[in-house]
There are 2 protein chains.
Amino acid sequence: MHISSKGDYGLRALFDLAQNYGAGPIQSEEIATRQGIPVNYLNQVLISLRKAGLINSLRGAQGGHLLARAPDQINLLEALTILEGPFLPGDLLPESAATKPEDWSILATVWLNLRKTIEANLEAITLEDLCQRKRDKRGNVMYHI
Amino acid sequence: MHISSKGDYGLRALFDLAQNYGAGPIQSEEIATRQGIPVNYLNQVLISLRKAGLINSLRGAQGGHLLARAPDQINLLEALTILEGPFLPGDLLPESAATKPEDWSILATVWLNLRKTIEANLEAITLEDLCQRKRDKRGNVMYHI
DNA sequence: ATAATCTTAATCCAGTAAGTCAAGATTGTC
DNA sequence: GACAATCTTGACTTACTGGATTAAGATTAT
């Protein structure tokens, strides 16, 4: 039960773009350097995000990537589902019953419930929230100098 | 983000043993048949559970496995942690900072929070709860005949 | 034109999941 | 004591996935 590096990298890239929202296109090279991610791998992740409509990409010189929506319109559930696929997928959930032994459906209900909990937790956090938390943190650090 | 078959099978085995709690040792063959699990694989899972102290195993004829504690003293978090390892493990969490880029710690807090949510959810469910749910279900089914 | 940049597909390696198999150890029962 | 049932262990297999690299090609600003 873990987050793969695809999800990790993808979220960090989105967070990076959120912090630069309104500042024009950001190049993948720049994101990669700032976030410590292999560029070639990041490019693949960015393609997934673009296909899903979360970012727009501009080609050519001075091209780059930018969020397709404002940071407060993108939540972590949406992003992670694109990057990692659904939580607790497929054969564990209540639909695929019948062939399975009886006790199975009791557990399926547990999983479904857990999934809902996770999704609610992530859906409540937007990219803008992350930016805000960073600003808060910065503020605190300043205070302590 | 999924539950592997090891976790799935292990929980089903524990659930099975919970339903037979107090009825003496249950053989792995019997559990495997009832739950639709390959015996040889189930045996490996049972060894993990025994090493972790969740079940006791008796060898020889009329041997088998039984819960080491009453069903209401074993919760799903404990069982799943044994079977699957910790949730959102290792390098994503706030301890391994310093080398990582700055934004990373903001996300680490998100993961830590999510982990707590998941753990609280699973810790609240015991094997006895599962048995109770099954009894409730049986009752309802009877009603509808 | 050309250089910057993204796109795509092919490829690679390591690790893990899922399961099989066979030989050995333990113990109750006759 | 011998036997049979049962669990134990570890080696092994097969297939898949995660993570990443590379190289060739497409697009477009200047």
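In what follows, chains carry the letters A, B, and so on, assigned in the order in which the sequence lines appear, proteins first and then strands, with residues in each chain numbered from 1.
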**Study point:** Step-by-step side-chain contact (heavy atoms from CB on, under 4.5 Å) determination, I125(A) to N75(A)
**Key:** CA-CA 5 Å; I125(A) 307 175; N75(A) 66 59; over 6 Å; no
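Without hydrogens or angle criteria, D16(B) side chain to A13(B) main chain gives no donor-acceptor distance under 3.5 Å.
R135(A) and E128(A) are joined by a salt bridge, as a carboxylate oxygen and a charged side-chain nitrogen come within less than 4.0 angstrom of each other. Salt-bridge formation is not detected for the pair D103(A)/R12(B): no Lys NZ or Arg NE/NH1/NH2 atom is positioned less than 4.0 Å from an Asp or Glu carboxylate oxygen.
Atom CG in L42(A) sits about 12 Å away from atom C1' in dA20(D), given to the nearest Å.
With T117(A) as reference, T117(B) is the one residue of L122(B), I118(B), T117(B) to meet the side-chain contact (heavy atoms from CB on, under 4.5 Å) rule.
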**Study point:** Contact letters for nucleotides 1-17 of chain C, in which S counts primed atoms plus P, OP1 and OP2 and B counts the base, heavy atoms under 4.0 Å
**Key:** ---BSSBB---------
